[in-house]
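Notes to accompany the following structure.
Each chain gets a letter, A, B and so on, in the order the sequences are listed, and its residues count up from 1.
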Number of protein chains: 2
Amino acid sequence: MAITIKDVAKQAGVSPATVSRVIADNPRISTKTKQKVREVMKTMGYYPNFQARNLVANKTQTLGVIMENSATLAFQNPFFPEVLRGISTQAHDSQYGLYLSTGATQEEIYQEVVEMVQGRRVDGIILLYSKVEDPVLAYLSESSLPFAVVGRPDKNSQSVSYVNNNNIQTAKETVEYLIELGHQHLAFVGGASDFVVSIDRLEGYKQALREHQIPFDANYIVNQDVIEGNERESIRRLMAHEVPPTAIVTHDDMVAYEVIGYLEDLEIGVPEDVSIIGFNNHTISKHLKPPLSTVDISIYELGLHATELVLEKITDESTPPKQVVVASRLIERGSCRRL
Amino acid sequence: MAITIKDVAKQAGVSPATVSRVIADNPRISTKTKQKVREVMKTMGYYPNFQARNLVANKTQTLGVIMENSATLAFQNPFFPEVLRGISTQAHDSQYGLYLSTGATQEEIYQEVVEMVQGRRVDGIILLYSKVEDPVLAYLSESSLPFAVVGRPDKNSQSVSYVNNNNIQTAKETVEYLIELGHQHLAFVGGASDFVVSIDRLEGYKQALREHQIPFDANYIVNQDVIEGNERESIRRLMAHEVPPTAIVTHDDMVAYEVIGYLEDLEIGVPEDVSIIGFNNHTISKHLKPPLSTVDISIYELGLHATELVLEKITDESTPPKQVVVASRLIERGSCRRL
DNA sequence: CTGAAAGCGCTTACAG
DNA sequence: CTGAAAGCGCTTACAG
């Protein structure tokens, strides 16, 4: 068995309580005793038992990270590693560990969260997505465990801590950028339609059209969840529209390139025939052909600030819910052209 | 405070020991008592305290996942999310949680691992990389904690459990594929030169040349760590070689596309002027231009089997070290041409 | 400045 | 079939 505080105590000729106080660097322990005990700890190779410590302190020093469909979708999406990088950095700075959800279905995830919370497996939770009518979010809101959301909650958002981009505004500006380039027929390829981020961006898209007196046409809207498994055909159909779009806004760079691939197979050139814009500014996008115009949404910062928010709440329960807006900006590259 | 076993016991009119046995579904407890206790647990919303349970069982039900430079490099590399997906799936099936390392430097990672092990924070560890003279691996080998490595350890490999591709063979076959297409001047863009995977692949590259009587030229070898921050210039220099290569093998699809970008800027076409091959078969590669010929190394399976190996070792300490080789296969697409 | 005792929330021989 | 007691490895009032 591993070395315990008792072994150290015996070896150093003090009580376990004293050893514990030395670990905590309690000022009431004499320097001499501290030195001796520390030496013994070192030579014996003592390390405090993490679980025992935390059981009495009633904390875990770990943060739960909940992702949508962890075993399948989330990992394909390059958003995930980048947001995790932000979380990881901040957590490490504060000596917190990360505990990842592994559930694959909505129901599994829910059960996992309940267990994390009730079983006191984590001190706080970061929810990596925000969707409409999400039971997980509802549950967290009821619980007293600190948590933060990456993305805007669909309701009562004032009462929860979250980090977000201003997705409505950003999408609006993106569309306006294309309108200014002379485009009047704009398609929108969004994420799953029950995600708040998709809803917000679609709203921004609509606002831009409205302000520029461009009629809205539902045939120009393609959501990831409805085309799942039928991507190629959906794009074909989109382009077969009576008046095909001259510009497409997609919700992710990798999706944009997938679309570009389908377009090229249809002998539709980018940006000659169709302009296209992505989101998320993946590292690789600037090296690919065409270099993709994209919206950088500061994914790393989303993770960083979400973590800050939970940690604040953990440190001081009375911290009021806080909302952080992270910058996003359009990066012009070579995938759009002026009409 | 949360509800404890005592609260349930009192409410149900039994002893805490009995409640504990009901939780464990101990057969010696009467069905009647079980029913009653379960009902009380349910109505009170009782959940076992994770840390308390594990303290007495001396286990944690969590697996440590150690990645190189977690906060920076690892996340950029699409290998990471995919291997994590494999780990995550397998861990979830066995009711294990995942605990991610967050250290950014070699030294930080080492400290984290020591703390995980000594502090009994995890039941086992998965090391996501294998590099030469790695103190982390040395430490794990000394410790008695179960662990598994993704990649071949540089020494004493028989004594550790690991999952690997046959990198030497795979690289050899990849190069031979190009040789058969008529290429005689082959460059190799590898990962960091202290990673065993890079070393093995380079070895395979050399073997292929040797068997086909092609002289080895060190100028054709470019390692990620030495060109770091100078990628563009390094590729320019590579192509400025007296006899420029007609084919390039790169260690990752995204790196391949980056290289292709630099080549195109130099007005060197792929595959017209230079053939190129990647590794890792990213989801997006088949949609990009040119569709990339690549080696699929079954990243998901690497993660899955590594997890299986640790779990076996956790379940039964006496399990001897085991090595698993995961398949890899060349996928021909449009980035190579016959000379 | 230090120790003995109680306690964190569980589990598990031992007794009955 | 069930309970009282001891214990997992720590921490922290309470006493001295």
With a 3.5 angstrom cut-off on both distances, give the Watson-Crick or G-U wobble partner of dA4(C), or none if there isn't one.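 Because no pair has both required distances under 3.5 Å, dA4(C) counts as unpaired.
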Between [atom2] on [N] and [atom1] on [X], what's the gap in Å once rounded to a whole number?
| X | N | atom1 | atom2 | value |
| --- | --- | --- | --- | --- |
| Ile23(A) | dT12(D) | CD1 | P | 11 Å |
| Met41(B) | dC10(C) | CE | P | 11 Å |
| Asn54(B) | dT12(C) | CG | C1' | 16 Å |

Nearest to the [X] side chain among [options], which nucleotide is it?
| X | options | value |
| --- | --- | --- |
| Arg53(B) | dT12(D), dC10(C), dC1(C) | dC10(C) |
| Arg28(A) | dC8(C), dC14(D), dC8(D) | dC14(D) |
| Ala17(A) | dT2(C), dA5(C), dC10(C) | dA5(C) |
| Ala52(B) | dG3(C), dC10(C), dC1(C) | dC10(C) |
| Ile5(A) | dC10(D), dG9(C), dG3(D) | dC10(D) |

So, does the side chain of Arg21(A) form a donor-acceptor pair with the base of dG3(C) at under 3.5 Å?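 When only heavy-atom distances are counted, Arg21(A) does reach the base of dG3(C) through a donor-acceptor pair under 3.5 Å.
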Of the non-hydrogen atoms in Ala306(A) and Val150(A), which two are nearest, and what is the gap between them?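 In terms of heavy atoms, the two residues are closest at CB-CG2, 3.8 Å.
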Contact nearer the 5' end of DNA chain C, comparing Thr18(A) with Val56(B):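 The 5'-side residue here is Thr18(A).
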Under-4.0 Å side-chain N/O to phosphate OP1/OP2 contact, [X] with [N]:
| X | N | value |
| --- | --- | --- |
| Thr33(B) | dT2(D) | yes |
| Tyr47(A) | dC10(D) | no |
| Ser20(A) | dT11(D) | yes |
| Ser15(B) | dG3(D) | yes |

I want to check something: taking the side chain as every heavy atom from C-beta on, are Asn164(B) and Val326(B) in contact at a cut-off of under 4.5 Å?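 No - every pair of side-chain heavy atoms lies 4.5 Å or more apart.
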Starting at OH of Tyr99(A), measure out to OG1 of Thr62(A) and round the result to the nearest 0.5 Å.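 Atom-to-atom, Tyr99(A):OH and Thr62(A):OG1 are 8.5 Å apart.
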With sugar-phosphate meaning primed atoms plus P, OP1 and OP2, does Phe50(A) contact a base, only sugar-phosphate, or nothing at under 4.0 Å between heavy atoms?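 Answer is nothing: Phe50(A) stays at 4.0 Å or more from every strand.
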